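Notes for the one structure printed next.
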Amino acid sequence: MRFDVVTLFPEMFEAARLGVTGKALDTGKASLKLWNPRDYTDDTHRTVDDRPYGGGPGMVMMVEPLKAALQEAKAAAPGSRVIYLTPQGQRFDQMAAREMAARDGMILLAGRYEGIDERLVDCCVDEEWSIGDYVLSGGELAAMVIMDAVTRLLPGVLGHEDSAQQDSYMNGLLDFPQYTRPDALEGREVPDVLLSGNHAAIGKWRLKQALGRTWLRRPDLLEQRELSEEEQRLLEEFIRTHQG
Ligand SMILES: CN1CCN(C(=O)c2nonc2N)CC1
């Protein structure tokens with residue numbers, strides 16, 4: 001997986017060199033190249049933004065530096081589509097992460113200020129994606145969210161192949177509760193089943209907890225997911241217990 005990122009703040013992506021994404025970069029399962037539009041300016045002030053036509057607050061990123069940076073990125077990654085991070089984009093979710101993880105690469109365009117000149121979107125952007133209905137200071141964090149979610153799904157990246165499968169949303173349910181040492185803490189104990197060594201019972205308990213949590217916190221996810229007979233029975237058990 002090749003990640004190319006067009007950004008005015010390449011130093012933000014030092015964070016991507018830590019943890020899971022850092023391991024993927026170190027082992028060559030992913031690569032990252034940063035392209036700074038400021039390197040494609042020709043004035044002494046290295047200008048990349050200007051005031052918006054029509055007035056209004058803030059600044060807008062100019063076409064030329066962005067276009068020049070994008071053209072170099074495209075030349076280096078010819079098969080990669082250009083993704084612009086923006087609240088106006090499609091909502092990114094686990095299904096989108098799975099689809100993107102199957103690609104060879106992507107060029108992530110991280111805007112700043114009030115956004116980018118629409119003519120750049122028209123000429124050079126293939127897809128627009130949003131990580132949620134809120135306004136960030138720039139697209140860099142959104143780009144790193146997508147990079148992280150996609151990288152976790154690349155073969156061999158996660159230590160335990162099943163981890164990605166167990167991640168929330170991989171099976172359409174919220175995660176079950178996790179516990180670690182000590183087994184008793186301030187009167188709160190780890191559920192006995194998790195200490196039993198009975199893997200079948202543990203798996204059943206975890207599935208029941210995942211179903212129950214999803215029912216309680218994200219019933220919308222349950223509407224999108226068919227339940228097996230066992231899952232339906234476990235959920236009904238959870239609801240009965242929950243309702244006392
Ligand atoms: C110019 N800049 C504005 C703020 N922004 C976002 O709020 C955002 N990006 O992706 N999902 C989001 N939400 C990125 C682009």
Side-chain angles (χ1 to χ4, degrees), residues 1-16 19-21 30 32-41 45-74 77 80-103 105-153 167-169 218 220-221:
M1 172 62 67
R2 178 181 172 128
F3 293 110
D4 289 89
V5 184
V6 174
T7 173
L8 290 173
F9 294 101
E11 57 273 32
M12 284 183 72
F13 289 83
E14 282 309 302
V20 169
T21 48
L32 172 62
K33 185 159 176 55
L34 304 164
W35 307 84
N36 189 335
R38 225 177 271 285
D39 296 337
Y40 299 88
T41 56
H45 298 293
R46 306 182 77 203
T47 307
V48 292
D49 62 308
D50 205 334
R51 296 187 308 283
Y53 280 119
M59 304 293 274
V60 175
M61 292 186 79
M62 299 162 73
V63 172
E64 295 96 333
L66 283 171
K67 191 169 182 178
L70 273 175
Q71 280 170 338
E72 294 255 308
K74 285 178 172 181
S80 294
R81 290 168 63 83
V82 176
I83 292 175
Y84 176 44
L85 290 315
T86 169
Q88 286 81 42
Q90 302 173 72
R91 175 65 71 85
F92 182 72
D93 60 11
Q94 192 66 16
M95 191 180 296
R98 277 202 293 270
E99 185 278 323
M100 292 182 184
R103 302 183 186 186
M106 60 186 74
I107 299 172
L108 297 165
L109 172 54
R112 278 270 155 176
Y113 312 114
E114 298 303 310
I116 66 177
D117 187 306
E118 193 65 16
R119 289 167 291 184
L120 192 280
V121 177
D122 294 340
C123 80
C124 307
V125 168
D126 298 308
E127 301 173 25
E128 296 180 71
W129 285 93
S130 168
I131 62 165
D133 292 336
Y134 38 77
V135 181
L136 302 169
S137 304
E140 284 81 7
L141 292 177
M144 280 190 266
V145 162
I146 289 180
M147 286 168 60
D148 189 284
V150 167
T151 301
R152 293 174 57 79
L153 298 176
D167 269 1
S168 305
Y169 299 106
R218 287 293 306 276
D220 58 298
L221 293 178

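Counting convention: from 1, in listed order, for ligands and their atoms alike. Computed from a prediction, not measured in an experiment: that's the story for all the values here.
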- Between Ser130 and ligand 1, which part of the residue brings a heavy atom under 4.0 Å of the ligand: side chain, backbone, both or neither? both

- So, is Val135 polar-close to ligand 1, with some N/O to N/O distance under 3.5 Å? no

- Among all protein heavy atoms, pick the one closest to atom 4 (C) of ligand 1 and tell me residue, atom and distance. Leu136 O, 3.1 Å

- Query: Which residue and non-hydrogen atom of the protein lie closest to atom 2 (N) of ligand 1, and at what distance in Å?
  - Reply: Gly111 O, 4.0 Å

- So, for Met106 and Ser80, which heavy atoms are closest and what is the spacing to 0.1 Å? N-OG, 3.4 Å

- Query: Heavy atom under 4.0 Å from ligand 1: found in Asp133's side chain, backbone, both, or neither?
  - Reply: neither

- Item | Atom indices of ligand 1, in the order listed, that fall short of 4.0 Å to a heavy atom of Ala142 | 9 (N), 10 (O)

- Task: Quick one: pull up CE in Met100 and CH2 in Trp129 and give me the separation to the nearest 0.5 Å.
- Result: 4.5 Å

- Query: By number and element, which atoms of ligand 1 are closer than 4.0 Å to a non-hydrogen atom of Gly132?
  - Reply: 13 (N)

- Please could you name the atoms of ligand 1 that Ile131 approaches to less than 4.0 Å, counting only its heavy atoms? 10 (O), 11 (N)

- Note on the structure: Ala110 and Gly139 have their tightest heavy-atom pair at CB-C, 3.6 Å

- Salt bridge or not for Asp133 and Arg91, using N-O below 4.0 Å? yes

- Query: Which ligand 1 atoms does Gly138 reach within 4.0 Å, using its non-hydrogen atoms?
  - Reply: 14 (C)

- Task: Go through the side-chain N and O atoms of Thr86 and Glu128 and say whether any donor and acceptor fall under 3.5 Å apart.
- Result: no

- What one should report as the nearest heavy-atom pair of Val150 and Ala97 is CG2-O, 3.9 Å

- Which heavy atom of the protein is the closest neighbour of atom 5 (N) of ligand 1, given with residue, atom name and distance? Pro87 CD, 3.8 Å

- Relative to the heavy atoms of Leu85, which atoms of ligand 1 are at a distance of less than 4.0 Å? 9 (N), 10 (O), 14 (C), 15 (C)

- Message: Tell me whether Gly139 has any N or O atom under 3.5 angstrom from an N or O of ligand 1.
- Response: no

- Note on the structure: Min over Ile146, Thr86, Ile83 of heavy-atom distance to atom 9 (N) of ligand 1 lands on Thr86

- Note on the structure: Residues Ala68 and Tyr40: closest non-hydrogen pair is CB-CB, 3.7 Å

- Item | Closest contact, heavy atoms only, Arg38 versus His45 | NH1-O, 4.4 Å

- Is any side-chain N of the basic residue among Glu127 and Arg103 closer than 4.0 Å to the acidic one's carboxylate O? yes

- Item | Contacting atoms of ligand 1, where contact means under 4.0 angstrom from a heavy atom of Tyr134 | 7 (O), 13 (N)

